[in-house]
Amino acid sequence: MDRPQNRYRNQYKQLSLPVKAAFWFTVCNFLTEGIGFITVPLFSGLLSSYEYGIVSLYNSYQQIFLILATLELSQGACQRGILRYKEDVNFFIWSLQALWSVIVVILFLILWSFRGAFVQITDTDTGTMCLMFLYFLVQPAYASWLNRKRFAYDYRMAVLATVVTTVLISFGTLAALLVAERTALVKIKAGLCIGIACYLVFYIRNIHPVRLLGRLSEMLEEWSFALKFQLPLVVHSFSYLILAQSDRIMIGNMIGKSQAAIYSVAYTLANVAVLLQTSIHQVLKPWIYQKLEVKEYKDISKNTNRVLVLIACAIFAFILVAPEIMKLLFRAEYYDAVWVIPPIAVSGFFMLLYSVFTDVESYYSRTKYIMYASVICAAANIILNYLVIRIWGFIACGYTTLICYILFAVLHYLFMRKVCAAEAVSERVFDVRFILTISLGLVVLSVLETLLYPFPVVRYVLVAIFCGIAVWKRKTVINTIRQLLA
């Protein structure tokens, strides 16, 4: 009889290359996010809450400037262009790099005129601004390289490079804090310098000015394609980023950087739920596309329901043990963050929910609805935050975030119904009654869970019950995963 490890090894060998790639990219995602999760309590322990608040706010601003400076050309436009220009992908990547380089330089020159305002808003200095834009110049080259590897299912090099760069940046920055001053500026600059050093080689490989100028008309045509394709998505990305980051920025400016640091810690812990849904959606999305292609809508509804139950149970269990995780990883001054974890963790459920709705919109090439929903929810988040922060403090931001992601899911459901009607899809793709039941149940239970935070024994009895149910229903879970990977 074969040993279990031999049986599993043989089953793994029988998997197709795309499935192996999906598996290892998911594992890589967990590893890199796990490293970030581990280093958060280390950084928050080395820095004061005020200094860590500066880091949190700077990271939010950096993500905003990254979108403006690069238009995220290394993402959507790159992925689509790899297929469109598959006869000469190398030239397309070189051309794309030239385009984002021009945009980065132009934005830097514009911002240099307002460098005093940048320094004041971010609590950094002009050196940080220069390093940030140099980082913007080289980082998309690495992202473009990763996209090419993903399309080729070359997961070995991609996973190795991702893990190595994440380790170098995270622990190199940590070493810099231990050796030099324990300040926000040291943390920010060290991270930027190490990132630039890691990504510079990918940028240099794509510098081919003579070849680009020799085929100038082709380069300009590819620039035109990339800009037309990407600009609508930039509106979505920017709006979505505002939804994700405006909380910290507004907390820092309205009530203090220490409070922003506490909120950031809560957001990082709650991102465990977000990471889980993101990883599952990476597998679920191509499966939904395949089922839409053959019009097997009942399978989509059935397996989506199972996935939603799985995510809801995981979030419920995570919320139950959140107080102990907080006490284990962070100093006492951060403990108030535990009250923000439940709504943000539940937001991860609605992220998955709206994502499966947008999969239908994207399949039928109706991406404009994604932009509409993003703008509406970003505006709602800013308005709600402005109204509640001064009254109820940073804890209220967790609930405004949850409300906005619920709104996100509702809007995309309505848009998805509209798309299905336009495409003459007569069957229901999703079971809306079941979705409403599980969604409402999770929201209500998450609120009730916070009432149990002073009673650890009761919480751990519930965790034990959930673990028992998971073992009891393990075959259903395994079968669902197998169907998604088939």
Side-chain angles (χ1 to χ4, degrees), residues 17-18 21 25 62-63 65-113 129-162 164-165 192-238 365 367:
L17 183 60
F25 281 125
Q62 178 181 296
Q63 291 183 55
F65 283 121
L66 178 63
I67 293 176
L68 295 175
T70 67
L71 301 183
E72 293 192 319
L73 290 167
S74 61
Q75 301 302 324
C78 178
Q79 293 165 356
R80 187 66 184 87
I82 287 173
L83 297 176
R84 181 185 175 98
Y85 302 103
K86 56 186 175 183
E87 294 81 9
D88 196 349
V89 176
N90 285 334
F91 184 83
F92 172 70
I93 297 297
W94 303 341
S95 175
L96 204 63
Q97 178 167 296
L99 177 57
W100 81 60
S101 298
V102 170
I103 299 171
V104 168
V105 171
I106 291 173
L107 185 61
F108 173 75
L109 294 175
I110 294 172
L111 195 61
W112 184 256
S113 302
M129 189 178 82
C130 294
L131 287 172
M132 182 180 75
F133 273 88
L134 185 56
Y135 177 84
F136 293 164
L137 195 66
V138 299
Q139 189 274 341
Y142 173 69
S144 299
W145 177 82
L146 278 181
N147 277 321
R148 292 193 66 179
K149 292 297 181 183
R150 288 192 179 101
F151 272 81
Y153 302 117
D154 186 1
Y155 57 88
R156 292 181 178 86
M157 286 301 298
V159 169
L160 178 63
T162 302
V164 169
T165 54
L192 289 171
C193 288
I194 299 171
I196 292 166
C198 289
Y199 304 141
L200 184 60
V201 62
F202 297 95
Y203 185 84
I204 293 174
R205 288 175 58 187
N206 294 331
I207 299 176
H208 295 279
V210 176
R211 297 185 185 182
L212 290 173
L213 292 174
R215 297 163 61 180
L216 184 60
S217 60
E218 291 181 53
M219 182 182 74
L220 293 178
E221 188 276 327
E222 290 175 358
W223 283 18
S224 176
F225 156 74
L227 290 173
K228 288 178 181 178
F229 183 91
Q230 194 64 29
L231 285 174
L233 295 179
V234 168
V235 177
H236 159 68
S237 296
F238 194 69
S365 300
T367 54

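Every value quoted in this text rests on a predicted model; they were computed, and no experiment measured them.
In this structure, CG in Leu73 is found 12.0 Å from CD1 in Ile67, a value given to the nearest 0.5 Å. Distance NZ/Lys149 to OG/Ser144: 13.0 Å, rounded to 0.5 Å. Between Ile93 atom CD1 and Cys78 atom SG the span is 4.0 Å, to the nearest 0.5 Å.
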N/O donor to acceptor pairs below 3.5 angstrom from side-chain atoms of residues 201-208, sequence neighbours left out:
unit_1, atom_1, unit_2, atom_2, d
Tyr203, OH, Ser101, OG, 2.8
Asn206, ND2, Gln97, OE1, 3.2
Asn206, ND2, Phe202, O, 3.3
His208, NE2, Arg205, O, 3.1

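Residues Gln230 and Leu71 come closest through the heavy atom pair CG-O, 2.9 Å. Between Gly195 and Tyr135, the closest heavy-atom pair is CA-CE1, 4.2 Å. The two atoms that bring Val138 and Leu200 nearest to each other are CG1-CD1, 3.8 Å, heavy atoms only. The shortest non-hydrogen separation linking Ile103 to Ala69 is CG2-O, 3.1 Å.
Judged as a side chain to side chain contact (heavy atoms under 4.5 Å, CB included), and not counting sequence neighbours, the contacts of Thr165 are Tyr142, Cys198, Tyr199. Listed by chain and number, the residues in a side-chain hydrogen bond (donor to acceptor under 3.5 Å, both in side chains) with Arg215 are Asp88, Glu218 (sequence neighbours excluded). With sequence neighbours excluded, the residues forming a ring pair (Phe, Tyr, Trp, His ring centres under 6.0 Å) with Phe133 are Phe108, Phe136, listed by chain and number. For Tyr85, the ring pair (Phe, Tyr, Trp, His ring centres under 6.0 Å) criterion is met by Phe92, Phe225, not counting sequence neighbours. Every residue two or more places apart in sequence or in another chain that forms a side chain to side chain contact (heavy atoms under 4.5 Å, CB included) with Val102 is listed here: Ile106, Trp223. For Leu134, the side chain to side chain contact (heavy atoms under 4.5 Å, CB included) test picks out Leu137, Ile196, with sequence neighbours left out.
Between Met219 and Trp94, the closest side-chain pair of non-hydrogen atoms is not below 4.5 Å.
Checked by atom type and distance alone, the side chain of Ser224 never pairs as donor or acceptor with a backbone atom of Leu220 at under 3.5 Å.
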Side chain to side chain contact (heavy atoms under 4.5 Å, CB included) evaluation trace for Trp145 with Met157: CA-CA 10 Å; Trp145 177 82; Met157 286 301 298; 4.3 Å; yes

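Sorted pairs that involve residues 130-139 and meet salt bridge (Lys or Arg N to Asp or Glu O under 4.0 Å), not counting sequence neighbours, are lacking altogether. Residues in residues 65-74 take part in these side-chain hydrogen bond (donor to acceptor under 3.5 Å, both in side chains) pairs, two or more places apart or across chains: Glu72-Ser237. Under the salt bridge (Lys or Arg N to Asp or Glu O under 4.0 Å) criterion, no residue pair touches residues 223-234, with sequence neighbours excluded.
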